[in-house]
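Protein chains get the first letters and strands the later ones, always in sequence-line order, with residue 1 at the start of each. Treat the numbers as computed from the prediction; the structure is a model and nothing was measured.
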Amino acid sequence: MLELAKIRSDKEEVILRLKVKNFHNAEEIVDKIIVLDEQKRKLQKELEEQKAQMNLKSKEIGQFMAQNLKDKAEESKQDVAQIKEKTKELESLLKDKEEELQKTLLIVPNLPHVSVTKGKSAEDNEVVFQSSELPKLTSNSLAHWDLCQKYDIIDFELGNKITGSGFPVYKGKGAKLQRALINFFLDNAYASGFNEMQVPIMVNEQSAIATGQLPDKDSQMYFAPLDNFYLIPTAEVPLTNIYRDEIVKQDSLPLKLCGYTPCFRREAGSYGKDVRGLNRLHQFDKVEIVCIDTPEHSYAQLEFMKEHVASLLQKLELPYRILRLCGGDMSFTSALTFDFETFSAGQNRWLEVSSVSNFETFQSNRLKLRFKNSDGKTQLAHTLNGSALALPRIVATLLENNQTENGIKIPKVLVPYTGFEIIN
RNA sequence: GGAGAGAUGGGUGAGUGGCUGAAACCAACAGUUUGCUAAACUGUCGUACCUCUAACGGGUACCGGGGGUUCGAAUCCCCCUCUCUCCGCCA
């Protein structure tokens with residue numbers, strides 16, 4: 001959620017940057033917020049003045065009663081009754097304004113960082129890095145879904161039976177490969193200074209609102225209505241919510257967390273070849289990294305996170321590229337996002353395996369996550385997160401790019417984790 | 001699932017109608033003392049919003065959440081949520 005103070009003080013800039021994100025009716029909505037805010041404050045002032053009077057009178061009554069001056073007390077009671085009617089009216093008006101203001105604020109996306117270009121869709125993203133060599137496969141090479149079947153390591157049909165499409169069963173070396181990757185990612189995150197957490201994979205409504213999944217992505221999350229819990233679409237939600245309603249000390253920053261969780265996404269509206277095999281699942285595994293930092297350091301931290309993610313892909317010997325997302329392709333909550341994609345040789349296409357973002361104060365404003373700065377003042381912190389990494393597409397690329405006549409070769413760094421060098 | 005107890009500031013915990021935004025202690029921070037550490041002493045020590053001033057300031061709200069009674073609620077009443085204990089069930 002944008003900070004009201006920012007909208008108030010830099011209205012024109014806010015509108016301009018919202019347009020970079022292709023947010024429609026930016027002027028209208030911003031104007032509406034400013035008017036609502038003004039009206040709200042006016043009402044609030046009036047109401048508080050009335051209440052101040054009421055409090056004064058009430059105290060007076062107390063004193064009169066103590067002195068046994070019943071007449072005077074009765075007189076004051078009459079006064080209060082009058083004031084009270086007024087406050088009731090003002091109260092309901094104020095409540096309406098506040099609700100409307102809040103509702104409007106919640107639908108406004110985060111402002112993109114000044115470096116973000118407008119752009120309409122994923123096609124306008126800027127490639128900021130690309131591995132020099134892309135793998136070439138022989139003509140009889142297979143896509144990963146065929147390889148999974150050939151070596152019997154991931155069974156999509158079986159998942160259909162147990163749950164439904166998008167819930168594969170990992171078997172034998174396929175299951176071990178999952179476990180290996182999770183441990184590999186966690187160990188590397190730890191080496192980069194991220195503190196490992198094991199968190200709930202269901203969250204309450206408040207948590208989902210605080211990190212911005214609600215109300216924006218309501219239909220994309222699985223929901224358990226009996227308890228009003230949401231299955232997490234990413235570990236970002238529980239990890240970041242650890243610090244909801246917290247005021248941390250500046251010298252404890254940056255806070256760096258990581259965690260492995262399964263992730264659940266309904267992916268309503270997806271179809272076609274994009275969802276084939278491991279490309280898009282309803283349940284998948286991911287190691288997430290989360291940072292909480294000061295506004296001054298958050299962009300340096302973002303760079304650090306990018307380097308961490310890049311190092312993982314390098315160690316796994318996977319060809320990758322880094323995209324700076326344009327305004328049109330960025331998420332609702334993000335100020336600056338870099339996507340990492342690996343090149344999947346069997347499908348001859350790039351697959352997104354990580355997204356690293358700075359949310360600035362957009363989440364912390366909802367989370368009420370603040371820090372005490374060196375002046376002793378509380379200030380909203382910046383939150384950042386990134387996948388490091390999401391497993392399915394890494395597995396897809398690994399399988400496709402490393403296929404040989406004798407089987408699928410496991411990257412060297414993973415062998416200590418898998419305990420085998422080849423899937424055959 | 002059944003029965004009971006509870007929810008107060010960073011923590012422990014007092015507070016059953018006005019003198020309580022909230023005692024006391026601990027923690028934290030600043031200072032004094034000190035060869036160092038420790039101890040002792042002094043002071044500071046919630047959050048949000050509104051408003052004013054150059055600045056000190058003033059106001060409102062918040063004692064799990066919502067509603068009610070009352071001139072006045074942390075305190076009384078109702079509803080909800082959550083936590084804990086015991087029993088049952090169980091990984």
Side-chain angles (χ1 to χ4, degrees), chain A residues 1-9 33-102 104-106 198 200-210 214 223-230 238 241-253 255 262 292 361 363-381:
Chain A
M1 192 161 65
L2 293 182
E3 294 170 74
L4 245 180
K6 173 83 179 166
I7 298 177
R8 232 188 282 170
S9 63
I33 288 170
I34 286 176
V35 170
L36 282 172
D37 174 52
E38 270 169 16
Q39 293 172 335
K40 189 212 97 176
R41 270 155 48 217
K42 197 175 160 218
L43 283 170
Q44 183 176 347
K45 198 183 162 189
E46 278 179 53
L47 176 65
E48 285 179 359
E49 280 167 0
Q50 297 291 325
K51 282 194 168 174
Q53 270 195 53
M54 234 166 70
N55 288 342
L56 226 69
K57 289 273 180 193
S58 292
K59 267 190 188 165
E60 217 174 80
I61 293 170
Q63 282 160 8
F64 288 146
M65 301 285 264
Q67 295 163 30
N68 229 343
L69 298 168
K70 290 208 171 139
D71 292 350
K72 286 209 166 192
E74 280 308 315
E75 221 175 277
S76 292
K77 277 192 196 180
Q78 303 261 320
D79 294 346
V80 175
Q82 279 188 357
I83 300 171
K84 209 173 175 182
E85 259 180 61
K86 259 194 218 169
T87 58
K88 277 204 170 152
E89 225 175 284
L90 286 169
E91 246 164 18
S92 96
L93 285 171
L94 180 64
K95 202 179 160 193
D96 289 350
K97 283 288 175 225
E98 272 174 346
E99 276 171 11
E100 206 183 340
L101 179 61
Q102 199 63 16
T104 314
L105 276 171
L106 277 175
Q198 197 172 82
I201 60 174
M202 295 178 108
V203 295
N204 57 32
E205 188 185 18
Q206 228 185 331
S207 292
I209 290 173
L214 290 179
F223 181 58
L226 222 53
D227 296 288
N228 284 328
F229 291 154
Y230 292 86
N241 268 281
I242 289 174
Y243 290 99
R244 171 152 50 88
D245 287 321
E246 294 285 335
I247 301 174
V248 300
K249 289 184 179 167
Q250 178 161 5
D251 57 21
S252 70
L253 300 176
L255 293 158
I292 293 157
T361 58
Q363 287 184 329
S364 59
N365 195 24
R366 295 183 176 206
L367 287 155
K368 297 208 171 57
L369 162 53
R370 291 151 295 170
F371 69 98
K372 261 211 192 338
N373 66 22
S374 42
D375 300 332
K377 292 202 169 151
T378 51
Q379 196 181 341
L380 290 172

Checklist outcome for this item: CG of A/Asn228 to CE of A/Met202, rounded to nearest 0.5 Å, is 10.5 Å

Next on the checklist: Rounding to an integer number of Å, can you tell me how far A/Lys51 NZ sits from B/C71 P?
Outcome noted: 17 Å

Next on the checklist: Return the pairing partner of B/C56 with a 3.5 Å limit on both distances, Watson-Crick or G-U wobble; otherwise return none.
Outcome noted: none

Checklist outcome for this item: Partner of B/A22 under the Watson-Crick or G-U wobble criteria, both distances under 3.5 Å, comes out as none

Checklist entry - Picking from A/Gln50, A/Lys86, A/Lys51, what satisfies side chain to side chain donor-acceptor pair (under 3.5 Å) with A/Glu91? => result A/Lys51

Checklist entry - If you round to the nearest 0.5 Å, how far is CG of A/Leu36 from CD of A/Glu99? => result 12.0 Å

Checklist entry - Looking for any heavy atom pair under 4.0 Å, which part of the strands does A/Asn55 touch: base, sugar-phosphate only, or nothing? => result sugar-phosphate

Checklist entry - A/Lys72 has an atom NZ; how far is it from atom P of B/G18, in whole Å? => result 23 Å

Item to check | Residue matched to B/U85 through Watson-Crick or wobble contacts both under 3.5 angstrom | outcome: B/A3

Checklist outcome for this item: Using Watson-Crick geometry (N1-N3 plus N6-O4 or O6-N4) or G-U wobble (N1-O2, O6-N3), each under 3.5 Å, B/G72 is paired with none

Item to check | P atoms of B/G68 and B/A22, separation to the nearest Å | outcome: 27 Å

Checklist entry - When the nearest nucleotide of RNA chain B is assigned to A/Gly62 and to A/Ala52 on a heavy-atom basis, which residue is associated with the more 5' position? => result A/Gly62

Checklist outcome for this item: Note: A/Ile33 and A/Leu101 closest approach over all heavy atoms is O-CD1, 3.7 Å

Checklist entry - With a 4.0 Å cut-off on heavy atoms, is A/Lys57 in touch with a base, just the backbone sugar-phosphate, or nothing at all? => result nothing

Checklist outcome for this item: Across every strand shown, the nucleotide meeting Watson-Crick or G-U wobble geometry with B/A91 (both distances under 3.5 Å) is none

Show the atom names and distances, to 0.1 Å, of all donor-acceptor pairs under 3.5 Å that link a side chain in residues 56-63 of chain A to residues at least two apart or in another chain.
residue	atom	partner	partner atom	Å
A/Lys57	NZ	A/Asp79	OD2	3.1
A/Ser58	OG	A/Met54	O	3.0
A/Glu60	OE1	A/Ser76	OG	3.1

Checklist entry - What is the base-pairing partner of B/G35, counting Watson-Crick and G-U wobble geometry with both distances under 3.5 Å? => result none

Checklist outcome for this item: Answer for the Watson-Crick or wobble partner of B/C62, both distances under 3.5 Å, is B/G46

Checklist outcome for this item: CG (A/Asn241) and CD (A/Gln363) are apart, to the nearest 0.5 Å, by 8.5 Å

Checklist entry - Once you round it to whole Å, what is the distance between C1' of B/G46 and CD of A/Glu246? => result 14 Å

Checklist entry - How close do A/Met1 and A/Asn365 get, heavy atom to heavy atom, and via which atoms? => result O-ND2, 3.0 Å

Checklist entry - Once each nucleotide of nucleotides 47-56 of chain B is scored for protein heavy atoms under 4.0 Å, what B/S/- sequence comes out, 5' to 3'? => result SSBSS-----

